[in-house]
Amino acid sequence: MSRLGNLGAKLYRGEVGYDFVGKRKFWYAVSILITITAIAGLAVRGLSMGIEFQGGAVFTTPKTSVSAPQAETVAEDAAGHDALVQELGNGGLRIQISNVDTEKSDEIRDTLSRELDVPAEDINADLVGPSWGSQIANKAWTGLGVFMILVVIYLAIAFEWRMALAALIALIHDITITVGVYALVGFEVTVGTVIGLLTILGYSLYDTVVVFDSLKESSKDATKQTRWTYSEIANRSINATLVRSINTTAVALLPVGALLFIGGGFLGAGMLNDISLSLFVGLAAGAYSSIFIATPLVADFKETEPQMKALKRRVLAKRAQGGDEGEPQPAGATAGTVGGDPDDEGDGAETGSLVGPRRTQPTSRGRGRGRPSGKRR
């Protein structure tokens with residue numbers, strides 16, 4: 001078995017672990033700092049909206065010997081403002097100019113035909129009105145709102161409302177960071193960006209639900225034992241699914257990273273940039289939030305309940321009475337090694353078991369030691 005496999009097995013059994021929930025205030029502070037940076041980027045730089053949202057024209061030329069920088073200069077001189085030029089695989093060019101009407105579009109095409117030395121009829125011009133972009137934006141917001149509502153309803157039914165609220169906060173956290181990165185790097189927001197943003201919501205929710213499912217199973221009858229507080233149970237659930245989350249995120253990031261850095265960086269494919277950047281940032285943020293934000297928030301919400309407060313008092317009181325033997329073990333320690341008398345009612349019955357009474361056979365002290373049971377002859 002590989003080292004990562006051994007680590008995953010130890011994490012799952014609770015033999016090792018990291019105290020994610022215990023250090024949640026630090027991770028909350030990190031998330032707040034990242035979110036503030038993202039919001040500041042949005043406020044200062046804003047989003048660079050593509051022609052799909054503000055209207056304009058896209059000119060596609062056949063194969064030409066003119067380079068993209070030269071074509072960009074020609075297009076900007078003809079249009080009077082900025083233009084975006086991308087090289088196509090067939091040697092042609094894609095020239096995007098915002099805020100262009102039909103009359104201006106014809107003038108620009110004639111100029112491009114003359115300067116790029118290609119026939120005007122071979123230059124394809126597509127006009128996009130700003131009203132179409134506003135419709136796309138409205139539909140995207142509607143889809144996002146419906147998705148959020150359905151997610152909250154599903155999680156509230158499948159788990160509980162506290163988990164639904166924590167998942168909703170984590171999703172908003174992921175979207176804010178992704179949009180903020182778009183503002184900071186200056187990438188254009190296109191229809192591909194919207195598709196990428198809606199896609200990452202599913203990935204982020206998947207990681208969160210995996211941890212929540214483990215937590216739901218682990219916290220059954222949690223109030224009937226005195227070995228762990230709810231926060232410790234939540235932390236064990238994160239550690240048990242940690243390697244699984246890392247593996248799924250890494251496998252998803254590899255092809256997306258290839259699209260972003262190879263496809264977009266070296267091949268100059270604009271649509272790949274639009275989709276892959278949102279996916280790359282969103283996947284990383286989703287994995288982070290499911291571990292460091294969503295589950296610790298659930299622990300905070302749950303420990304406001306009277307029964308969980310009472311459980312915490314009982315656990316701490318038992319540890320205090322147990323002395324050195326009852327001291328809490330490091331995060332992720334096995335059920336059989338956490339402090340307390342192993343024969344107390346409500347403790348784990350076997351290693352790795354979270355809750356459940358330990359059943360022992362009655363014995364008589366000083367009698368029958370070293371002898372099989374039965375009548376003495």
Side-chain angles (χ1 to χ4, degrees), residues 18 20-21 23-48 140-141 143-145 147-148 151-152 155 163-190 192-212 238 241-261 264 272-300:
Y18 177 81
F20 295 99
V21 178
K23 295 179 174 60
R24 58 188 178 273
K25 290 184 179 180
F26 170 77
W27 298 112
Y28 289 168
V30 171
S31 293
I32 291 173
L33 179 61
I34 295 174
T35 304
I36 291 175
T37 304
I39 294 174
L42 283 170
V44 175
R45 300 195 59 175
L47 290 173
S48 177
W141 282 113
L144 179 62
F147 177 84
M148 292 290 193
V151 164
V152 170
L155 291 178
M163 291 184 176
L165 179 59
L168 180 62
I169 294 173
L171 287 176
I172 295 174
H173 167 272
D174 299 341
I175 294 175
T176 303
I177 291 177
T178 305
V179 174
V181 169
Y182 255 84
L184 291 173
V185 301
F187 272 34
E188 251 190 349
V189 177
T190 64
T193 305
V194 176
I195 295 172
L197 286 174
L198 294 177
T199 303
I200 65 172
L201 298 178
Y203 279 102
S204 175
L205 187 63
Y206 169 78
D207 278 340
T208 302
V209 168
V210 167
V211 182
F212 283 0
I238 297 175
T241 58
L242 181 62
V243 171
R244 184 182 190 181
S245 297
I246 293 174
N247 285 338
T248 54
T249 302
V251 169
L253 284 177
L254 285 175
V256 173
L259 287 175
L260 177 61
F261 299 109
L272 291 179
N273 279 339
D274 299 337
I275 298 178
S276 58
L277 178 64
S278 60
L279 287 177
F280 191 87
V281 177
L283 286 173
Y288 168 84
S289 65
S290 65
I291 296 172
F292 297 100
I293 304 299
T295 308
L297 280 175
V298 173
D300 283 336

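The structure displayed is predicted, hence computed values, not measured ones.
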What are the two closest heavy atoms between [X] and [Y], and how far apart are they?
X: Ala294; Y: Ala166; value: O-CB, 3.4 Å
X: Ser276; Y: Val256; value: O-CG1, 3.4 Å
X: Ser245; Y: Ile291; value: CB-CD1, 4.4 Å
X: Ser204; Y: Leu171; value: OG-CD2, 3.7 Å
X: Leu42; Y: Gly180; value: CG-CA, 4.3 Å
X: Ile238; Y: Pro296; value: CD1-CD, 4.3 Å

Is any side-chain heavy atom of [Y] closer than 4.5 Å to one of [X]?
X: Leu165; Y: Ile169; result: yes
X: Thr176; Y: Ile172; result: yes
X: Leu168; Y: Met163; result: no
X: Leu144; Y: Leu197; result: no
X: Thr295; Y: Phe20; result: no
X: Leu198; Y: Phe147; result: no

Output the distance between atom [atom1] ([X]) and atom [atom2] ([Y]), rounded to the nearest 0.5 Å.
X: Leu205; Y: Met148; atom1: CG; atom2: CE; result: 9.5 Å
X: Leu47; Y: Tyr182; atom1: CG; atom2: OH; result: 10.0 Å
X: Leu279; Y: Thr199; atom1: CG; atom2: OG1; result: 5.5 Å
X: His173; Y: Ile34; atom1: NE2; atom2: CD1; result: 6.0 Å

For Leu184, is there any backbone N or O sitting under 3.5 Å from a side-chain donor or acceptor partner on Arg45?
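Pair found, side chain donor or acceptor close to backbone of Leu184.
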Donor-acceptor under 3.5 Å (Tyr28 side chain, Leu297 main chain):
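A pair under 3.5 Å: yes.
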State which residues pass side-chain hydrogen bond (donor to acceptor under 3.5 Å, both in side chains) with Ser289; sequence neighbours excluded, sorted by chain then number.
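Partners of Ser289 by the side-chain hydrogen bond (donor to acceptor under 3.5 Å, both in side chains) criterion, ordered by chain and then number, come out as Asp174.
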Applying side-chain hydrogen bond (donor to acceptor under 3.5 Å, both in side chains), can you list everything that pairs with Thr208, at least two apart in sequence or on another chain?
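Here no residue qualifies.
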Expected list for residues 281-288: side-chain donor-acceptor pairs under 3.5 angstrom, two or more places apart:
from: Tyr288; atom 1: OH; to: Trp27; atom 2: O; distance (Å): 3.3
from: Tyr288; atom 1: OH; to: Ser31; atom 2: OG; distance (Å): 2.8

